[in-house]
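Below, chain A is the first sequence line, B the second, and so on; all start at residue 1. Model, not experiment: these values are computed from the prediction.
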Amino acid sequence: MPSVASFSALSYIGAMKASYDFLAIEKKWREYWNQHRCFKTLNPGDPGFDASKPKYYVLDMFPYPSGKGLHVGHPLGYIATDIVARYKRMLGFNVLHPMGFDAFGLPAEQYAIETGTHPEVTTQKNIENMISQLKACGLSYDWDRMISTTEPEYYRWTQWIFLQLFESYFDPKKQKALSISQLRKFLRNDEYRVSDGQLCSDREAAFSELPLFSSLRLEQQEEEINRQRLAYIDAVNVNWCPGLGTVLANEEVTVDGRSERGNFPVFQRPLQQWMLRITTYADRLIKDLDLVEWPEAVKQMQKNWIGRSEGASLSFPLYEIKGELEVYTTRPDTLYGATFMAVSPEHPMLSTMVTSEQKPHVDAFMKRYQKQKAVSKDPTNKEKEGVWTGAYCIHPLTQKKIPVWISDYVLMGYGTGAIMAVPAHDQRDFEFAKKYNIPMQTVVMPPQEWLAQHRIDKESYVASPETLSEAFVEYGHACHSQGSGIDLDGQPTNEAKKNMIAYLEAQGLGISKVSYKLRDWLFSRQRYWGEPFPILHGAHGKLRAVDEADLPVTLPPLKDFRPQVLEDQNQDPVPSLGKAEESWKRVEIEDQRYQRELNTMPQWAGSCWYYLRFMDPHNQESFVSSEIEKYWMGENGVDLYVGGVEHAVLHLLYARFWHKVLYDLGKVSTKEPFGKLFNQGYIQAYSYQDERGMYVPADEVEHQAAEFMFEGKSVQRQLGKMGKSLKNSIAPDEVIEKYGCDTFRLYEMYLGPVEQSKVWDTEAIVGIHRFLGRLWRNFVDSESGDILVSVEESTGKLKTALHHTIKTVTEYMDQMRYNAAIAQLISLNNLLVEQSHVPSDIARAMLLMLSPMAPHICEELWARMGQAKSLHDEAWPKAREEFLKSDVMELVVQVNGKRRANIEVAADAKKEEIEKLACEHEAVKKHLADKNIAKVIYVPGRLVNIVVKG
RNA sequence: GCCGUUGUGGUGGAAUUGGUAGACACGCCAGGCUUAGAACCUGGUGGGGCGACCCGUGGGGGUUCGAGUCCCUCCAACGGCACCA
């Protein structure tokens, strides 16, 4: 008989029932954590801070405080990071695990307009509501570090960082940001010259042609300086949405050219706006992706978005017209195949090129083009259209005349807005040329195998244009590309490219060039609910930064904060801050009058640096103290960043850009902000529509045979997002009230891998709930409430199972594969059902392993077991080592790959002994009978495979 | 079109990373408790065969003593970008 220690229920749980009363238990432990400030994180310099511990910074993408509240999909990522945070604390890390709110932006303002309350009020209310919902999930945030981007104390530093950008430029020689005062020095010393926004160093060819900086008028000097700033004002083509009264980012516009919010039409037009010079960082933003551990998909998306390509820029002189057409191409090797030029309908040189005979045709085309453009931005399946300008270019190598066409597939926003068209080797040029009967010239020959496969000989390949587009091959070799001084024939594409560029550069016809899809970041909005710019406008366009001491520039209180909605697309936007009192708008400094900037920053501004503020959220002197920043960022920055994949480009690209500027200026210590990124999946749900297409409440739909019925009528089911409007939303509060927070947390994790999307199924939740019930019954006598933990340790089968569970669960925890970890723990718990008492080692290991995921029940059982320290203070590695001490291991014995027996051997047994033992096992001998042993394969710790012949 | 990811029972998903495929859970079936239902508890559940056994990880081929896992090829699904020269 094993001796049994029974602990009676501890006095402080007094009235607690013997059955698993999760609501009372969870409430008790949440209060306990709160009272004892268990999750307060100390900073370097704080009393009691332990600098010997390694740090771990685990961060969620902070949410938008929406008025609709959370549904069960939202906490998925938060639960995952919370498990990481709790687990890492048990592993002996100093863990930074904060939460805050990204509360500025269009949706908050729109919501405020709908409800008629000031956004400040609604935002505050929404934040409070979300905090209480998050707290109910048992998340171990350090709430003392909570921040909201809308707090003046926070956006003071958002404005400050903007000023860092404003006071910096990108140095082309050093390839990093330096201060504007540095640039002034360089210009004074004549190390750089500047003209029309071009910054040339003394090494560059154009240098000597540019005027001396000191020779410019003072205003010109300032103008040139302003054009170098990382934050600058420029007239650019923007998405102007009069219906919303603001300009929008590309991604806020739908494919039909309407606003994502409100579905108002959006117009392209040039407007003076604030821009951030993200393009100067394009190369580093690509290159440094190698430094981070991110999902391949996200890295790929960022690379695509930046869209780097290598090629050449070359000029085609116009025939009998002054001037030349500059084009960009990635295939300079196909220059001999250029049979026409194509320019964008928005090309600035159109008017000089169009001849009087062609003008009517061009006008007609332009009319159709404008109309088409207003209807749709979506180019898919649209037939390419164009019109001849009447003009010709001179081919720089052959000196032949080639026509210049206007083509709607040439985009003004990329390259130079003009291309050399090589119809023989470009799908689009091919389609266009075919439609308008423009000749083609083959200059790339596919490999022999390709020709053989397609049963085409060289001559007919060159001669037959119908096959050309099909036959576009990247890895062919050049042909028909000879001229005076150059002969590319026979060279593979890569070589031909290089040689052509070298030739063009030598002849002064072109130069090699790198091109990007990435555009500078349009940074101003005309809405109210955003950070005001810390900028003053003086006379003659003079820009002045607000003194650091005068930050923050707080949002002026407005009674009417609605945007100015305009009917006429040609009207200029009216910033909401224009409605502020004159006393706010006008500033006088040193007898100079200034007007405040009236635009506000876009939604992304606040989220570009919040991960830095979390480290030191109450610092009044600086955006983050450098000592604290160095500790928490360490080598890799944020150790784990979890959020949805929808932020793969925008937020993550913008934040990286700001971080790199701050890095260049010496304000932060790592090149990259987020060392490891993890995209959690979405929780999907079924929604149901009746025959009119109206959504019906999902929880009232009945499943009968193959049909779904609502109020006796058949309804259509589809899988998608969860949302109030789809009537399939489930609030975490409901689930927690019914099953408890631990069940909820475990269930969300148990649904499947965290990174995968999965379907919410409220029915399946009982499985996890039963598990916790069984766990409780294994540990606590349902009659007496006594704890059923033996003082004895496990033996035999249970010991083996414990070892296996500890090994696998540890691995799963490290890989964030919580569904698999939970399954292992359920399996171990199921073995305990037959036991009258839980062996003490299993009891302790079980609670230690489970507690990051289901902390409340584990704390309770831990306390009832009479453990001295609180569970979350317990160090897991020490316990794990203790449990894993073992002297016996189990091996599988196979004969020709088939399992024949299991044997137990001493952990330190030699290879020969093990093999002998395996061969002599009864069940194995049978299969060896009259056969020869060819070889014996021993896989340490796992199996012995005996290979036999005969 | 380009890039990326993934294919395992009725379902969600495991498989010690090349070593007993289907752990664990839902669902389903049987039983218990109950006046009855809900809830709860116990057992069974890939396919075929009375059986020892045989077949099974999208299809085909390969490497290996051994393949869900590695290689080649085809197919299918999901996601992102998309007239980017």
Give one of base, sugar-phosphate or nothing for [X], where a contact means two heavy atoms less than 4.0 Å apart.
| X | value |
| --- | --- |
| A:V645 | nothing |
| A:K807 | nothing |
| A:Q815 | base |
| A:L751 | sugar-phosphate |
| A:K935 | sugar-phosphate |
| A:P753 | sugar-phosphate |
| A:T329 | sugar-phosphate |
| A:Y812 | sugar-phosphate |

Rounding to an integer number of angstrom, what distance separates [N] and [M] when you compare their [atom1] atoms?
| N | M | atom1 | answer |
| --- | --- | --- | --- |
| B:C24 | B:G9 | C1' | 14 Å |
| B:G22 | B:G12 | C1' | 13 Å |
| B:G1 | B:U8 | P | 25 Å |
| B:G66 | B:G62 | P | 12 Å |
| B:A21 | B:A82 | C1' | 41 Å |
| B:U69 | B:A15 | P | 15 Å |
| B:C26 | B:A76 | C1' | 27 Å |
| B:A23 | B:U16 | P | 15 Å |

**Request:** Please determine, for the side chain of A:R777, which listed nucleotide (B:G19, B:A85, B:C41) has the closest atom?
**Result:** B:C41
Is there a side-chain contact between [X] and [Y], using heavy atoms and a 4.5 Å cut-off?
| X | Y | result |
| --- | --- | --- |
| A:M341 | A:M420 | yes |
| A:V72 | A:F744 | yes |
| A:K434 | A:P423 | no |
| A:Y747 | A:F771 | no |
| A:K384 | A:V410 | no |

What integer distance in Å separates [X]:[atom1] from [N]:[atom2]?
| X | N | atom1 | atom2 | result |
| --- | --- | --- | --- | --- |
| A:H804 | B:U20 | NE2 | P | 10 Å |
| A:E346 | B:C83 | CD | C1' | 14 Å |
| A:L719 | B:U11 | CG | P | 15 Å |
| A:E811 | B:A15 | CD | C1' | 12 Å |
| A:Q427 | B:A85 | CD | C1' | 13 Å |
| A:L943 | B:A15 | CG | P | 18 Å |
| A:I946 | B:G66 | CD1 | C1' | 14 Å |
| A:I419 | B:A85 | CD1 | C1' | 5 Å |

**Request:** Output yes when at least one side-chain N/O atom of A:Y328 is less than 4.0 Å from OP1 or OP2 of B:A85, else no.
**Result:** no
**Asked** Between B:U16 and A:R817, is there an OP1 or OP2 to side-chain N/O distance shorter than 4.0 Å?
**Response** no
Can you tabulate the close N/O pairs, meaning under 3.5 Å, that link protein atoms to atoms of nucleotides 1-5 of chain B?
none

**Prompt:** Where each residue is assigned the nucleotide of RNA chain B containing its nearest heavy atom, which of A:T808 and A:I937 is assigned the position nearer the 5′ end?
**Reply:** A:T808
**Request:** Nearest-nucleotide wise, let me know which of A:S757 and A:S309 is further upstream toward the 5' end of RNA chain B.
**Result:** A:S757
**Request:** Of all the heavy-atom pairs spanning A:G417 and A:M412, show the shortest one and how long it is.
**Result:** CA-SD, 3.9 Å
**Message:** I'd like to know whether the aromatic ring centres of A:F340 and A:F432 sit less than 6.0 Å apart in this structure.
**Reply:** yes
**Asked** Of A:T329, A:D333, A:T334, which is the lone residue that meets side chain to side chain donor-acceptor pair (under 3.5 Å) with A:R331?
**Response** A:D333
**Message:** Please check this pair: side chain of A:H395 against backbone of A:L335, looking for a donor-acceptor N/O pair closer than 3.5 Å.
**Reply:** yes
**Message:** Which residue is it: A:L509, A:V404, A:V327? I am looking for the one with a side chain to side chain contact (heavy atoms under 4.5 Å, CB included) to A:F316.
**Reply:** A:V327
**Item:** Anti versus syn assignment for B:G9, with syn defined as within 90° of 0
**Value:** syn
**Asked** Are A:R656 and A:W294 in a cation-pi contact, defined as NZ or CZ under 6.0 Å from the six-membered ring centre and within 45° of the axis?
**Response** yes
**Request:** With pairs defined as Watson-Crick or G-U wobble and both distances under 3.5 angstrom, please note down RNA chain B as a dot-bracket string, | for pairing with another strand.
**Result:** (((((((..(((......[....)))((((((.......))))))(((....)))..(((((..]....))))))))))))....
Give me the distances for all protein-to-nucleotides 23-30 of chain B N/O pairs that come in under 3.5 Å?
| from | atom 1 | to | atom 2 | distance (Å) |
| --- | --- | --- | --- | --- |
| B:C24 | O2' | A:Y750 | OH | 2.6 |
| B:C24 | O2 | A:Y750 | OH | 2.6 |
| B:A25 | OP1 | A:R774 | NH2 | 3.4 |
| B:A25 | OP1 | A:N830 | ND2 | 3.2 |
| B:A25 | O4' | A:Y750 | OH | 2.8 |
| B:C26 | OP1 | A:R770 | NH1 | 2.4 |

Are [X] and [Y] linked by a side-chain donor-acceptor pair shorter than 3.5 Å?
| X | Y | answer |
| --- | --- | --- |
| A:Y812 | A:N819 | no |
| A:S407 | A:Y436 | no |
| A:E326 | A:S313 | yes |

